[in-house]
Amino acid sequence: MTVGLVRSKDLKAGVRRSAAAWPIGTLRYLVAAIFTGFCLFPFYVIVTTALKTETAIFAWPPVWNFKPTLQSFYNALFVFGGRSAIFYLINSVIISAVSTFVAVVLGAMAAYGFARFSFAGKRHLAFWILSTRFAPPVAFIVPIYLMVQKAGMLDSHIALILIYTAMNLSLVIWILRGFFSEIPIEIEEAALVDGYSRLQIFWRVALPLVRPGIVSTAILSAIFSWNEFLYAMVLTQSKAATLPVYLAGFSNSMGLAWGEYMAVGTMAVLPILIFTFALQKHLVRGLTFGAVK
Amino acid sequence: MARIEFKGVSKTYPDGTRAIVDLDLVVEDGELLCLLGPSGCGKSSTIRVLAGLETFSDGMILADNNRIDHLPPQARDCAMIFENYALYPHLTAFENIAMPLRARRLPASEIKARVTKIAGILRMEHLMGRRPSRLSGGEKQRVGIGRALVREPAMFLMDEPLGHLEAYLRVELRAEIRKLQERLGITTIYVTHDQEEAAAIADRIVVMSAGRLQQVGSFLDLFDRPVNRFVAEFVGEPPMVFLPVERTNADSIAVKGVRIPISEPLRAALRATQDRELILGIRPNDFSLGPPVRDHLNGTVTLVQPQGDHAIVAVSTPAGPATAIVPSDRRPAPGATVGLTFAGERLHLFDSAARALNKGEGGG
Amino acid sequence: MAEVQLSGVRKRFGLVEALRGIDLAIPDSAYVCLLGPSGCGKTTLLRCVAGLETVDAGQIRIGSQNVEALEPFARNVGLAFQNYALYPHLDVRGNLSFPLRAPRRRTEFGDGEIEQRVKSIATLLQIDALLDKPIVALSGGQKQRVALGRALVRNPTVLLLDEPVTHLDARLRHEMRVELKLLQRRVGTTTIHVTHDQLEAQALGDLIVVMRDGLIEQVGTPDELCTRPATSFVASFVGDPPMSLLTARLGQEAGVLSLRVGAAQLRPGERLGRLLDGLCDQDVEIAVPAHHIALGHAGDEQTIAARVQAHEWVGRELQIVVALNGSPVPVRLRTQQRLALRIGDEIAIRLNLGSAHAFDSKTGRRLQSSAD
C-alpha cells in the first residue's frame with residue numbers, strides 16, 4: 001500500500017515539474033519565431049513584390065492576399081531595353097564560379113603547406129596573408145583601377161576573377177589551415193609508408209578529410225564574389241558587369257519599376273541559395289571522428 | 001556522510017530500453033563501492049539517477065533514510081567526477097576548484113582557505129595558477145577531484161574518472177583516490193568497466209549486466225564465489241576457463257571422458273540438480289601443468305607469455321582452449337604436450353542457465 | 001623477412017638528443033619489444049626505421065640493404081600506429097587495399113590480386129565480415145585489427161608496431177596481445193613493437209630492448225632481464241610487480257658485513273656479501289624481487305619498518321606498496337594473507353636477500369662476481 005502511495009506521489013511530482021516547464025518552453029519558441037520573422041521579412045517583401053501586379057504593389061493598405069503573376073519576371077528578362085538580366089546573371093555565375101574554384105584550390109594547397117611544413121618566416125607569411133583583409137577595399141580602389149586599366153583589362157571577366165580570388169584566398173587559407181592541422185599526422189604518415197607521395201596524400205587523404213572545410217569556404221567565397229559591388233561597379237561597364245551592377249543601374253534608367261526590380265533581386269538570390277543548399281549535406285562535422293583512438 | 005539506499009529502482013528509456021531493472025542496493029556510510037560492468041550495463045545510469053541528472057521510472061532512492069529522488073540535483077549534496085574532466089577551460093585550476101564555493105557566495109577569504117587546503121591534500125599547490133590547457137591529463141583529473149571535494153559533499157560519484165588517462169597514470173591516481181577516500185571517509189560510488197581497477201580500489205564491488213545487479217561483494221567474493229557465469233568471466237584476469245562437462249554419475253563429472261575430482265559441497269550441489277548441460281569453470285591460477293599422462297586431460301601449449309616470476313600459458317585441449325598461470329621456473333615450452341590438473345576444491349560448475357551450482361560456498 | 005641492424009644511430013630534435021648512438025641487431029623473424037618510459041627514444045627509433053624521421057648519423061640495414069637514405073615506401077615496412085590512423089573516409093576494404101593501390105605500385109598488383117589479398121588478410125584477422133563497414137562503425141579492437149591488416153597486406157619485410165594495444169581495455173589488451181603473438185608466429189615477419197608496459201614486452205618479446213634517455217640499457221630475453229638485469233633501472237622496471245630498489249650503505253662490524261637501510265640493519269648473506277666485497281662505507285643499490293619480500297614482525301631480523309601507501313587485490317593476492325623511512329622509492333610485495341589494511345598503517349616487511357641484485361650506486365651497473 002505504501003509503495004502504491006509513494007508511486008502516485010511520484011507521478012504528481014513529475015507532472016508538477018513538467019507543468020512548471022511549459023510556459024518557459026513556449027516563450028522560447030515565441031521569441032525564436034518573432035526573431036525569425038523579423039529576419040525573413042525583407043526577403044518576403046522582395047519575393048512578394050516581384051510576384052505582384054503594379055497596382056497591387058502600390059496598393060495601400062498592402063494587399064496580403066493577391067494572385068501571383070510572373071509578369072515582372074517576364075518583363076525583366078525579355079521586355080526591358082538593353083541587355084537582359086540573363087546576360088548579367090551569366091556574368092555573375094562565370095566570375096563567381098571561376099574565382100571561387102581557383103581560390104579554393106590554391107587556398108587549400110597553401111593551407112596544407114602552412115599546416116604541415118615548417119619553413120622560414122611561416123608565421124610572418126601567414127599574418128601577411130591575413131593582413132590583406134585589414135584595409136577597407138575602397139582604399140585600394142584607385143591603384144587597382146589604374147593597374148587594371150594599364151593592363152587593358154577594364155570591363156573584362158578576368159580582372160574581377162583575379163581580384164575576387166585574391167580577396168577570398170586569405171579567408172580560404174586561414175579557415176582550411178585549421179582543418180588540415182586537425183587531421184592526425186599519423187594518417188598521412190601511414191600513407192607515406194604505404195607508398196604515396198606528398199602530393200598524392202594531399203589529394204587522396206587530406207583533401208577528402210577536410211571536405212566540410214572546403215565546402216564552407218567555397219560557400220563563403222561564392223557569396224562574397226556573388227554580392228561584391230564596389231569593384232564590379234568601378235572596373236566594369238557593360239561587357240563584364242555583374243548582377244549587383246545591373247541592379248544598381250536598374251532604377252535609374254527605367255524609372256521606378258519596382259516589380260521588375262524585385263524580380264531581378266529574387267533571381268539574384270536564388271543561385272547562391274541553390275548552391276548553398278546543394279552543398280549543405282557535405283557540411284557534416286567531425287569527418288575525422290573515428291579515425292584515431 | 002551518507003548511507004544510500006536504492007529501493008526497486010528501474011529506468012526505462014522511451015524506446016523501451018531498460019537501463020536499470022529493479023535495483024535494490026545499499027551503499028554503507030563511508031564505503032567505497034564500485035559499480036562494475038561492460039558498457040551499457042546500467043552502471044552510469046545508476047549514478048546519474050542518484051545524482052539527479054536523469055529521471056527514473058520506478059522505485060525510490062534514500063539517503064540516510066530520507067527520500068532524495070524528488071530533489072533537484074543541486075540539493076542532493078553529491079559531487080560528481082566525469083571521465084572527460086569537464087573543467088572550465090577559461091579558468092585557472094584555482095578558480096575551477098573555487099567555482100562550487102563561488103556559486104554559494106562564500107566570502108573570498110574562506111574560499112581561498114578551502115581551495116588551498118584541497119590543493120595541499122592533492123599535492124598540487126604548484127598547479128593552482130594554470131589553466132586546464134597547460135595541465136596534463138592526470139593533473140586535470142586531480143583538479144576535477146579537487147573541485148568535487150571542495151564542497152565537502154555527502155557523497156562522491158565518479159564515472160570512469162580515469163578512463164582517459166594512460167595506464168601508468170591510472171594506477172597512480174587510483175591509489176590516490178583510495179587514499180583520499182580513506183582519509184575523508186566520504187561515501188563514494190565509483191563506476192568502472194575495468195575489473196582490475198575495481199579490485200584495486202573498492203571495499204565492495206557491484207557487478208551489473210543488462211541493467212541488472214548480478215552480485216555484490218568483496219573482490220575475493222566475486223573471484224572465488226561468483227554466482228553466475230557472467231560474474232565469473234568478467235572478474236579476474238586472465239579470465240576464468242570454461243570447459244563443457246559430462247555427468248558420469250549423480251555426483252561426478254568428466255571432461256572429455258576424464259573424470260574430474262570435485263569437492264564435497266560441489267557433489268552435493270550436483271546431486272540436487274538434474275541439469276545435464278553443465279560447464280566447468282577453473283581460474284587460470286588453479287591449474288597445474290605437468291607431464292602428459294594417459295587417460296588424463298592433456299593439451300598442447302600454444303603460447304607462453306612470461307610475466308616475471310610467473311607465466312601465462314595458453315593450452316589447446318580436446319575440450320577447448322585453456323589458460324594457466326604457472327611459476328616461471330616451471331613453465332613449459334610452446335608446442336609441448338602437457339597434462340592439466342586442477343585444484344578440486346576451487347572448481348566452479350555452472351548450469352544450463354549459467355548459474356553457479358555452488359553459489360556462496362565452494363570456491364576459495 | 002629480414003634481419004634489421006642499427007649501428008651508431010643518432011637523432012637530435014633541436015636541443016634534445018633523442019637517440020644517442022644506438023647499436024642493435026635484430027635477428028630474422030624475431031619479435032622485438034622496445035621498452036622504456038615515455039621520452040626514452042623508443043618511438044623515435046621506430047620512426048627512424050620506418051623512415052618517418054631521418055637519422056643524423058649511423059646506419060640502418062634491413063636485410064642486406066642500407067635504408068637510412070631511402071624514402072619510407074622504399075623500405076617496405078608495415079607500420080601500425082598507436083591511434084590506428086585509419087583513413088576515415090574509406091571503408092574497411094578501402095583501408096586494407098589502400099597500400100596496394102599506391103600509384104607507385106600500380107603495375108605491381110592487379111585488381112584481382114588486390115581483392116584476393118584483402119580477403120586473405122581480413123580472414124587472417126577475422127574481420128572479413130566487416131569489409132564493407134565504415135571506420136566509424138568499428139570498435140577499438142576491430143580498428144586495431146584493420147590497422148594491423150593494413151600494415152601486413154603488402155607482406156612487408158619488417159612490421160613496426162607503435163604501442164598497438166595501449167588504447168584498448170585491459171581485457172581486450174590481453175586478448176590482442178595473444179593474437180599479435182600468434183599472428184607474428186604465423187606470418188614470421190620480423191617485428192619491432194614499441195611499448196611502455198613491461199608485462200606486455202615480456203609476454204610478447206623474443207628479445208626486449210630496454211631504453212632510457214636515448215640509449216639502450218639492456219638487450220635480452222624476458223628471463224635475462226629478470227634474472228640478470230644489467231642496471232638498476234632495468235631491475236626497477238621489470239617483474240610483476242616490479243622489483244623494489246633500495247639504497248643501502250654497506251658497513252662492517254667485527255668482520256661481519258651489514259647493509260643499513262634507513263634505520264634498519266640487514267645482513268647481506270653470503271652470495272650478496274661476495275658481490276659487495278670491497279665496497280665498505282659506500283652506498284649500493286639493491287633490487288629485491290617482489291616474491292622475496294614478505295610481511296614480518298617488527299624487531300625480527302631482516303625486517304624493516306614501513307608505511308602502507310597503497311593496497312589492492314590482484315587475483316587472490318593482496319599487493320601492498322609501502323614506503324620505507326626516508327626513501328622515496330616504493331617497495332612492492334604480495335601476500336596471500338587476508339589483511340584489513342589502511343593507507344598509512346605501519347607494518348614491518350622482511351626481505352630475503354638470497355637472490356637480490358646489487359648495483360653500483362654511481363653507474364647503476366650490476367655488480368657481478370666472477371662466478372656469476
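Heavy-atom basis, side chains included; hydrogens, waters and symmetry copies ignored. Order of the sequence lines sets the chain letters (A, B, ...), proteins ahead of strands, with each chain counted from 1.
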Option that, when pairs with chain C are counted at under 4.5 Å, heavy atom only, ranks first among B/Ala199, B/Pro306, B/Ala175: B/Pro306
Contact origin within B/Asp286 toward chain C - heavy atom pairs under 4.5 Å: side chain
pair C/Val314-B/Glu237: side-chain heavy atoms closer than 4.5 Å: no
Region of C/Ala203 that comes under 4.5 Å of a non-hydrogen atom in chain B: both
Beyond-backbone contact of C/Gln202 with B/Gln305, side-chain heavy atoms, under 4.5 angstrom: no
Point-to-point distance, once rounded to the nearest 0.5 Å, from CZ of C/Arg342 to CZ of B/Arg183: 12.5 Å
Steps toward side chain to side chain contact (heavy atoms under 4.5 Å, CB included) verdict (C/Arg316, B/Arg346): CA-CA 12 Å; C/Arg316 283 195 197 99; B/Arg346 286 195 157 158; 3.1 Å; yes
Heavy-atom closest contact (C/Ala170 atom, B/Asp194 atom, distance): CB-OD1, 4.1 Å
Residue B/Pro284 versus chain C: region with a heavy atom under 4.5 Å: neither
Spacing of C/Leu204 atom CG and B/Leu303 atom CG [to the nearest 0.5 Å]: 8.0 Å
Proximal component of B/Pro238, with respect to chain C [non-hydrogen, under 4.5 Å]: neither
Interface residue of largest heavy-atom contact number with chain B, from C/Gly315, C/Pro241, C/Gly344, under 4.5 Å: C/Gly315
Heavy-atom side-chain proximity of B/Glu196 to C/Arg171 below 4.5 angstrom: no
Part of C/Val178 within contact of chain B (heavy atom distance under 4.5 Å): both
Electrostatic pair C/Glu312-B/Arg174, nearest N-O below 4.0 angstrom: yes
Chain B contact via C/His196 - which portion, at a heavy-atom distance below 4.5 Å: side chain
Verdict with reasoning, B/Ile312 to C/Arg177, per side chain to side chain contact (heavy atoms under 4.5 Å, CB included): CA-CA 12 Å; B/Ile312 305 170; C/Arg177 200 158 95 173; 3.8 Å; yes
Chain B contact via C/Pro289 - side chain, backbone, both or neither, heavy atoms under 4.5 Å: neither
Spacing of B/Thr302 atom OG1 and C/Lys181 atom NZ [to the nearest 0.5 Å]: 12.0 Å
Side chain, backbone, both or neither of C/Asp223 within contact of chain B (heavy atoms, under 4.5 Å): side chain
Side-chain (B/Gln307) to main-chain (C/Leu199) donor-acceptor, under 3.5 angstrom: yes
Atom CZ of B/Arg204: over 12 foreign heavy atoms under 6.0 Å: yes
